[in-house]
Amino acid sequence: MILAIDIGNTNIVIGCCDENKIYFVERLSTNSTKTELEYAISFKNVLELYKIDPKEIDGGIISSVVPPITNIVRDSAEKVLGKAVKIVGPGVKTGLNILMDNPAQVGSDRIVNAVAAINEYATPLIIIDMGTATTFCVVDENKNYIGGMILPGVGISVDALTARTSQLSRISIESPKKLIGKNTIDCMKSGIINGNAACIDGMITRINRELGQEATVIATGGLSKKIVPYCEQKICIDDELLLKGLRLIYEKNK
């Protein structure tokens, strides 16, 4: 069993997994002011919640898009486990062929998602990760990572809408009663949910057109379960994709 951690701009996803099972997936708030000890206490509390003894864990691995806290989180995880924790980055084998202008610029979370998706789904692939940003990653039929897109995330869109309009109050991201809203709140909810769903549908259509064939589409990330049910395209939600990818990369670097 390993401890897998993904550090995102909004949340830190943490879970324990082995080749047969993912034991849990939890999210903690990403906080740049937390100390090594504070993160260590958080990780220890999560493990205790699921009755997992750190001695049962063989090691750990981290992917991160927040460099200022990457080493802090690694050190805190090592404090809890008493074992070395790897960081996905230069020198770590992923087995992924990245056909980008500068492969080093590709976010580690996108690499991890692609590694997991290639292992589990038929190529070509479109991988949609809905977090602080909404990212699209495209893998061709030969399992090459060929590029993608980055869009403002759902939460960012809500924040921008309410910050720049004096008469629109902040809303929660939840399902509208129906497509055509009858009041301001329902109109906003429908716009956020259905607008993002329509965007995803349209992007998938355009990507398939450029590929010249229909790709398998996988969605992951904290907001995927809120948006994907409103999409018209066939999309598989896999909330454990990151942890699966981290486990595979850990195994490649034993």
Side-chain angles (χ1 to χ4, degrees), residues 4-17 21-30 46 49-50 63 65 107 109-122 125-139 148-162 170-179 181 185-205 207 215-247:
I5 299 171
D6 175 67
I7 305 171
N9 289 294
T10 303
N11 291 315
I12 295 175
V13 178
I14 174 175
C16 277
C17 55
K21 178 180 178 180
I22 290 177
Y23 293 88
F24 70 86
V25 182
E26 288 292 352
R27 285 178 165 81
L28 305 171
S29 295
T30 304
V46 172
L49 181 66
Y50 287 92
S63 63
V65 295
D109 56 338
R110 301 175 78 181
I111 292 171
V112 172
N113 278 335
V115 168
I118 289 169
N119 184 67
E120 196 158 325
Y121 300 94
L125 290 161
I126 300 170
I127 306 156
I128 307 166
D129 192 342
M130 303 190 70
T132 306
T134 297
T135 62
F136 288 74
C137 303
V138 184
V139 176
M149 307 88 186
I150 303 174
L151 289 70
V154 179
I156 289 175
S157 299
V158 172
D159 290 342
L161 180 64
T162 55
R170 184 168 175 79
I171 60 167
S172 58
I173 300 171
E174 58 185 35
S175 304
K177 294 176 181 177
K178 53 185 178 179
L179 178 65
I185 298 299
D186 283 347
C187 287
M188 291 172 69
K189 288 180 179 178
S190 181
I192 292 297
I193 299 291
N194 289 294
N196 277 278
C199 172
I200 289 170
D201 284 333
M203 293 297 283
I204 292 169
T205 298
I207 294 168
T216 306
V217 186
I218 305 104
T220 190
L223 292 167
S224 60
K225 290 180 180 178
K226 291 184 179 289
I227 305 298
V228 170
Y230 290 85
C231 294
E232 296 179 352
Q233 298 274 4
K234 183 180 178 182
I235 303 171
C236 172
I237 297 177
D238 190 340
D239 197 38
E240 300 173 341
L241 197 65
L242 262 169
L243 296 189
K244 293 174 184 175
L246 285 169
R247 184 191 65 78

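Residue numbers run from 1 in the order of the sequence given.
Interatomic distance, SG of Cys187 versus CD1 of Ile192, reported as 12.0 Å (0.5 Å rounding). Atoms OG and CD1, from Ser63 and Ile7 in turn, are 7.5 Å apart once rounded to the nearest 0.5 Å.
Of all the heavy atoms in Ala117 and Leu241, the pair that sits closest is N-CD1, 4.0 Å. Closest non-hydrogen pair, Ser29 versus Ile12, comes out as O-CD1, 4.4 Å. Of all heavy-atom pairs spanning Ile22 and Cys17, the tightest one is CG1-CB, 3.7 Å.
With sequence neighbours excluded, the residues satisfying side chain to side chain donor-acceptor pair (under 3.5 Å) with Asp186 are Asn183. Under the side-chain contact (heavy atoms from CB on, under 4.5 Å) criterion, Lys234 pairs with no residue at all, not counting sequence neighbours. Under the rule for a side-chain contact (heavy atoms from CB on, under 4.5 Å), the partners of Ala114 that lie at least two apart in sequence or sit in another chain are Leu96, Ile127, Val139, Tyr145. Applying the side-chain contact (heavy atoms from CB on, under 4.5 Å) criterion to Leu179, with sequence neighbours excluded, gives Ser190, Asn194. Here Asp109 pairs with nothing under the side chain to side chain donor-acceptor pair (under 3.5 Å) rule; sequence neighbours left out. Shown here are the salt bridge (charged side-chain N to carboxylate O under 4.0 Å, His left out) partners of Glu232, two or more places apart in sequence or in another chain: there are none. For Cys199, the side-chain contact (heavy atoms from CB on, under 4.5 Å) partners are Leu151, Met203, not counting sequence neighbours. Residues meeting the salt bridge (charged side-chain N to carboxylate O under 4.0 Å, His left out) test with Asp239, sequence neighbours left out: Arg27. In this view, Tyr50 and Phe24 satisfy the ring pair (Phe, Tyr, Trp, His ring centres under 6.0 Å) rule, not counting sequence neighbours.
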Stepwise side-chain contact (heavy atoms from CB on, under 4.5 Å) test for Thr216 and Cys236
CA-CA 8 Å; Thr216 306; Cys236 172; over 6 Å; no

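A donor-acceptor pair is defined here as one N or O able to donate and one able to accept, closer than 3.5 Å; no such pair exists between the side chain of Arg247 and the backbone of Cys16. The closest donor-acceptor contact from the side chain of Asn119 to the backbone of Val115 lies at 3.5 Å or more, if one exists at all.
Within the 4.5 Å cutoff, no side-chain heavy atoms of Thr30 are placed close to those of Asn9. Using a 4.5 Å cut-off on side-chain heavy atoms (C-beta onward), Val217 and Ile207 make no contact. For the pair Ile200 and Gln233, the minimum side-chain heavy-atom distance is 4.5 Å or more.
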Can you give me every donor-acceptor pair (side chain of residues 218-230, partner residue at least two apart or in another chain, under 3.5 Å) with its distance?
residue	atom	partner	partner atom	Å
Thr220	OG1	Asp238	O	2.8
Ser224	OG	Gly221	O	2.9
Lys226	NZ	Ile173	O	3.2
Tyr230	OH	Ser175	OG	2.9

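Evaluation of the side chain to side chain donor-acceptor pair (under 3.5 Å) test over residues 126-137, restricted to residues two or more places apart or in two chains, returns Thr10-Thr132, Asn113-Asp129.
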